[in-house]
There are 2 protein chains.
Amino acid sequence: MNIRTICLAILAHGEASGYDLKKNWEDGPFSYLGGASFGSIYPALARLEQDGLIKSREETQPGKPARRVYALTEAGREAFVAEMSVTPEKDIFRSHFGIIALCTPFLPRETIARAIDERLKQQRTEIAQLEPLIEQEQHRSVGWLLEWGIAQFKNEVAFIEANRERLEVLAGSTKPGDRREICGIAHTDSTQAAE
Amino acid sequence: MNIRTICLAILAHGEASGYDLKKNWEDGPFSYLGGASFGSIYPALARLEQDGLIKSREETQPGKPARRVYALTEAGREAFVAEMSVTPEKDIFRSHFGIIALCTPFLPRETIARAIDERLKQQRTEIAQLEPLIEQEQHRSVGWLLEWGIAQFKNEVAFIEANRERLEVLAGSTKPGDRREICGIAHTDSTQAAE
DNA sequence: TCTGCCTATATCGGACCGATATATACCGGA
DNA sequence: TCCGGTATATATCGGTCCGATATAGGCAGA
């Protein structure tokens, strides 16, 4: 699912400028679905227009620079429906916190404790930012998605609070790079393992 | 957090070849922390060695092609600890399913129902793949992280099962691109909105 | 008037992914 | 015996995307 598809999806909600798209990702309810930079959005919009999937008009506004507002064409509506109708791709997910947690045995307990504290703080901040948006979006797909995301964040906070001790005690037990195996898996050439 | 850092993190668990790294991401317990392609791994390893953070040796093995095995140097251990000690970056997350759900009003109910079915199937598959790995990783950081991930997947499945009806009934209510506002937010130039 | 901030568009370098190419070695079947 | 399929292993290339930066107009406040 590339940026062009995402632009189509947002434009399905209503016409918007490139700046609007960026602001929606950053501040709006889309933010936790992943970002999109200006460096992606403007070329994507240009190409979508070139392909006839969106059309644009210049809009002058008092007190602000002129902006170029994009809207779906009929062909764009069809392309949008087509791309939303395929089997959803797997999520793209990468977690710095996860990597740090994975390396707990090779790091001092203090480092792990701080990473956990920061993580809890970050996830609680996310919740605090998303929760007030729900009210005005009840009985709407955006509201449902907000609840979906908030439920995930809350679940993670609860898990970490309940289990952090079990991770922290593992800290600092090993020197980095000492062991020959990776996670007890990986080594397919070891003697066929147990069983 | 770039690929080089991730390579350091895995090599902290033990020496490995580029192929090992890839296999660990794909099949091992790291898989849901995000992928890494050969196109990233090999250049990353080359540069890490150039910078003196890892060292390599050729390893000939009977019945298989020779492989180049990498291990952390002392400088690499220090760089690893330094990069794990900073405040963890925000997760990178992008969800095709989330985008589809967001567009529910503009899509037929059948499409949404199928996307939800597929989503449930995918997340249950993840759970089924990760769960057997826990046993051999108990009381280890990898095991903790597996539990962390599984808890998230299970929570999402539970949420969707409990709330899918509420989303599905919203399907097909609107024509794409008709509304002027995006998600009731976005439009900063609207008349200051309703208090 | 100068500075900083918001709106708005645009571009460029570099990082990264996905596909592909290449090579070795094993195994099973025609 | 040769052929194709599979697993191991390294490497490269095109294209996509991010993050930083440039540019520019208008406004508010010092």
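Note on naming: letters A, B, ... go to the chains in the order of the sequence lines (proteins, then strands), and numbering restarts at 1 for each one. Just the heavy atoms: all of them, side chains too, but no hydrogens, waters or symmetry mates, feed the values below. Because the structure is a prediction, the values reported are computed rather than measured.
Within the 4.0 Å cut-off from OP1 or OP2 of D/dT8, at least one side-chain nitrogen or oxygen of B/Y19 is found. The shortest distance between the side-chain N/O atoms of A/Y42 and the OP1/OP2 oxygens of C/dT9 is below 4.0 Å. The side chain of B/S40 contributes an N or O atom lying less than 4.0 Å from OP1 or OP2 of C/dC17. Side-chain nitrogen and oxygen atoms of A/S17 include at least one within less than 4.0 Å of the OP1 or OP2 phosphate oxygen of C/dT9.
Note that A/K175 lies outside the cation-pi zone of A/F106, set by a 6.0 Å cut-off to the ring centre and a 45° limit from the axis.
As judged by a 4.0 angstrom heavy-atom cut-off over every strand, B/A66 is placed among residues touching the sugar-phosphate backbone only. In this structure, A/G39 reaches the bases: a heavy-atom distance under 4.0 Å links it to at least one base atom across the strands shown. At a threshold of 4.0 angstrom between heavy atoms, the contacts of A/R94 are confined to the sugar-phosphate backbone, with no base atom among them.
If you take CZ of A/F38 and P of C/dT11, they are 14 Å apart, rounded to a whole angstrom. Distance CD (A/E26) to C1' (D/dA20): 14 Å, rounded to an integer number of Å. Here the P atom of nucleotide D/dT10 and the CZ atom of B/R57 are 12 Å apart, to the nearest Å. Put simply, CZ on A/R67 is 18 Å from P on C/dC6, counting in whole angstrom units. For the pair B/I3 CD1 and C/dG14 C1', the computed distance is 14 Å after rounding to whole Å. The distance between atom NZ of B/K90 and atom P of D/dG19, rounded to the nearest whole Å, is 11 Å. Atoms NZ (B/K22) and P (D/dT10) sit 13 Å apart, rounded to a whole Å. Atom CE of A/M1 and atom C1' of D/dG15 are 17 Å apart (whole Å).
For B/F159 and A/W144, the gap between ring centers is short of 6.0 Å.
Using a 4.0 Å cut-off on heavy atoms, none of the residues of residues 45-52 of chain B approach DNA chain D.
Side chain to side chain, B/N163 and A/E147 fail the donor-acceptor criterion of an N or O pair below 3.5 Å. For the 3.5 Å distance criterion, the side chains of B/S56 and B/R68 qualify, holding a donor opposite an acceptor. A side-chain N or O of A/E83 and one of A/T5 form a donor-acceptor pair less than 3.5 Å apart.
Open room surrounds NZ on A/K154; 12 or fewer heavy atoms of other groups in view lie less than 6.0 Å from it.
When the salt bridge (Lys or Arg N to Asp or Glu O under 4.0 Å) test is applied to A/E165, the partners found at least two apart in sequence or on another chain are A/R109.
Here the nucleotide nearest the side chain of A/P43, chosen from C/dT11, D/dA9, C/dA8, is C/dT11. Nearest to the side-chain atoms of B/Q61 among the listed nucleotides D/dT8, D/dC17, C/dG18 stands D/dT8.
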